[in-house]
Amino acid sequence: MTEPLKIAVAGALGRMGRAVAAVVQADPKLSLAARFDRPGAADPDLVDQAAALAAADVVIDFSSPEASTALAETCAARGGPALVIGTTGFDDAQLARLAAAAERMAILRAGNYSLGVNMLMGLVEQAARALPADYDIEVFEAHHRRKVDAPSGTALMLGEAAAKGRGVELAKVAQRVRDGITGARPEGEIGFSVMRAGGVIGEHSVVFGSDEELLTLSHSAIDRSLFAKGAVAAARWLAARPPGAYDMQNVLGFKS
Ligand code: NAD
């Protein structure tokens, strides 16, 4: 792929879309080929989706689950460009549509583009494998008041990592809501709790608890550019890849 790598930003008017555009513009080896948002979005610097796809080697998309799924299908139908998806909150039907699109083009999707969180996932899996099964596992996350999905994509990935380490299926042991007379905590459950307040960018903790001790592994996002930088690194990595479904663990070399 020739430099500069041409990047289009989907969801360009959003919090993450703006952060991604700023990271791309600050890098001389990248060109901000186009910015687009939902049809009819009022901003003279935006182009429509068709023009953006024609101009780009890679699209970086932080929008909404339905918008990202439809975009992946459009890119697959026209044979590219490659797509880096940061959107979270997909349902099973949308995930199946993304998987079908990835048979025809390169798609990289991650619920969290930070190096630290991807490191945390490896540590959580390791701890869940090593600690006895009677250590309770709880995932906590906090985000800003405008976040629309819960638990966060990252919290669910951390739950998946813990379940993998334990050799169980997350869907069978996850406890996503507690309210009222719940009874004692069943052994083996992986619990989730959520806080929404103010401008919190992203806090995640995984607690391993026995009667005698608590081990807490945690991550705090300090600046949204963290995710934008990770997504741009992912775009560079993805640009020359064959069709397939990739994630941040591929980019970081944690899996091949
Ligand atoms: P936001 O609401 O600020 O921005 C979303 C943007 O997408 C809006 O400008 C909206 O108009 C646009 N959009 C909606 N439909 C569209 C369409 N059809 N085509 C193009 N654009 C469209 O949200 P945000 O805080 O930027 O977050 C966006 C997504 O990214 C959320 O799902 C969030 O959970 C996720 N996120 C992921 C990471 C990560 O590291 N993976 C980090 C932060 C946020």
Side-chain angles (χ1 to χ4, degrees), residues 6-21 24 33-41 43 46-113 117-118 141 143 146-157 159-160 170-171 174 176 202 224 227-228 230-232 234-235 237-239 241-251:
K6 297 188 285 297
I7 294 188
V9 176
L13 297 180
R15 283 174 289 271
M16 281 307 305
R18 289 176 197 275
V20 170
V24 171
R35 297 164 63 242
F36 66 106
D37 204 278
R38 63 171 78 242
D43 183 317
L46 299 182
V47 299
D48 66 24
Q49 180 182 285
L53 301 189
D57 298 317
V58 184
V59 180
I60 300 180
D61 166 42
F62 288 81
S63 56
S64 74
E66 190 46 43
S68 297
T69 307
L71 176 61
E73 288 173 334
T74 302
C75 292
R78 64 189 294 292
L83 184 58
V84 169
I85 299 176
T87 308
T88 61
F90 294 96
D91 63 26
D92 288 345
Q94 289 162 335
L95 291 174
R97 287 165 60 197
L98 289 177
E103 288 172 12
R104 299 164 70 186
M105 59 174 292
I107 298 182
L108 191 148
R109 184 174 66 84
N112 195 305
Y113 281 96
V117 160
N118 283 280
E141 61 104 334
H143 279 88
R146 289 168 294 272
K147 185 163 178 62
V148 296
D149 54 315
S152 69
T154 303
L156 293 171
M157 288 186 330
E160 291 285 1
L170 181 63
R176 290 172 61 150
R224 201 162 264 118
F227 308 123
V232 168
W237 183 90
L238 191 66
R241 302 284 153 181
Y246 304 96
D247 63 30
M248 208 49 190
Q249 304 280 311
N250 296 113
V251 179

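Nothing here was measured: the structure is a model prediction, and the numbers come from that model.
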What pair of heavy atoms forms the shortest contact from A34 to V47, and how long is it?
-> CB-CG2, 3.7 Å
Rounding to 0.5 Å, atoms CE (M157) and CG (N118) come to a distance of 6.0 Å
Does any pair with a residue in residues 86-104 pass salt bridge (Lys or Arg N to Asp or Glu O under 4.0 Å), and if so which ones, sequence neighbours excluded?
-> E66-R97, E73-R97
Smallest separation among heavy atoms of A33 and A56, with atom names = CB-CA, 4.5 Å
Mind running side chain to side chain contact (heavy atoms under 4.5 Å, CB included) on N112 and M248 for me, showing each step along the way?
-> CA-CA 8 Å; N112 195 305; M248 208 49 190; over 6 Å; no
Are L156 and T88 side-chain neighbours, meaning at least one heavy-atom pair lies under 4.5 Å?
-> no
Output for pair (Q49 CD, T74 OG1), nearest 0.5 Å, gives 5.0 Å
Nearest heavy-atom contact between F62 and F227 is CZ-O, 4.5 Å
Go through the structure and list residues passing side-chain contact (heavy atoms from CB on, under 4.5 Å) with A235, not counting sequence neighbours.
-> I7, V58, I60, V84
If you round to the nearest 0.5 Å, how far is CG of D247 from CG of L108?
-> 6.5 Å
Please report the C-alpha distance between L53 and L71 in whole Å, then the side-chain angles of each, then the deciding distance to 0.1 Å, and finally whether the side chain to side chain contact (heavy atoms under 4.5 Å, CB included) criterion is met.
-> CA-CA 10 Å; L53 301 189; L71 176 61; 4.0 Å; yes
Value rounded to 0.5 Å, distance of CZ in F36 from CG in D61 | 6.5 Å
Mind listing the closest non-hydrogen atom pair of S63 and G11 along with its distance?
-> CB-CA, 4.3 Å
Taking all heavy atoms of L46 and all of A12, pick out the closest pair and write down the distance.
-> CD2-CB, 3.9 Å
V251 and Y113, any side-chain heavy atoms less than 4.5 Å apart | no
So, for P81 and V59, which heavy atoms are closest and what is the spacing to 0.1 Å?
-> CG-CG2, 3.6 Å
The salt bridge (Lys or Arg N to Asp or Glu O under 4.0 Å) partners of R224 (sequence neighbours excluded) come to none
Minimum side-chain heavy-atom gap L13-R35 below 4.5 Å | yes
Rounded to the nearest 0.5 Å, how far apart are CG of L95 and OG1 of T69?
-> 7.5 Å
Enter the distance from S152:OG to H143:NE2 here, rounded to the nearest 0.5 Å.
-> 5.0 Å
Derivation of the side chain to side chain contact (heavy atoms under 4.5 Å, CB included) call for T87 and R109 = CA-CA 8 Å; T87 308; R109 184 174 66 84; over 6 Å; no
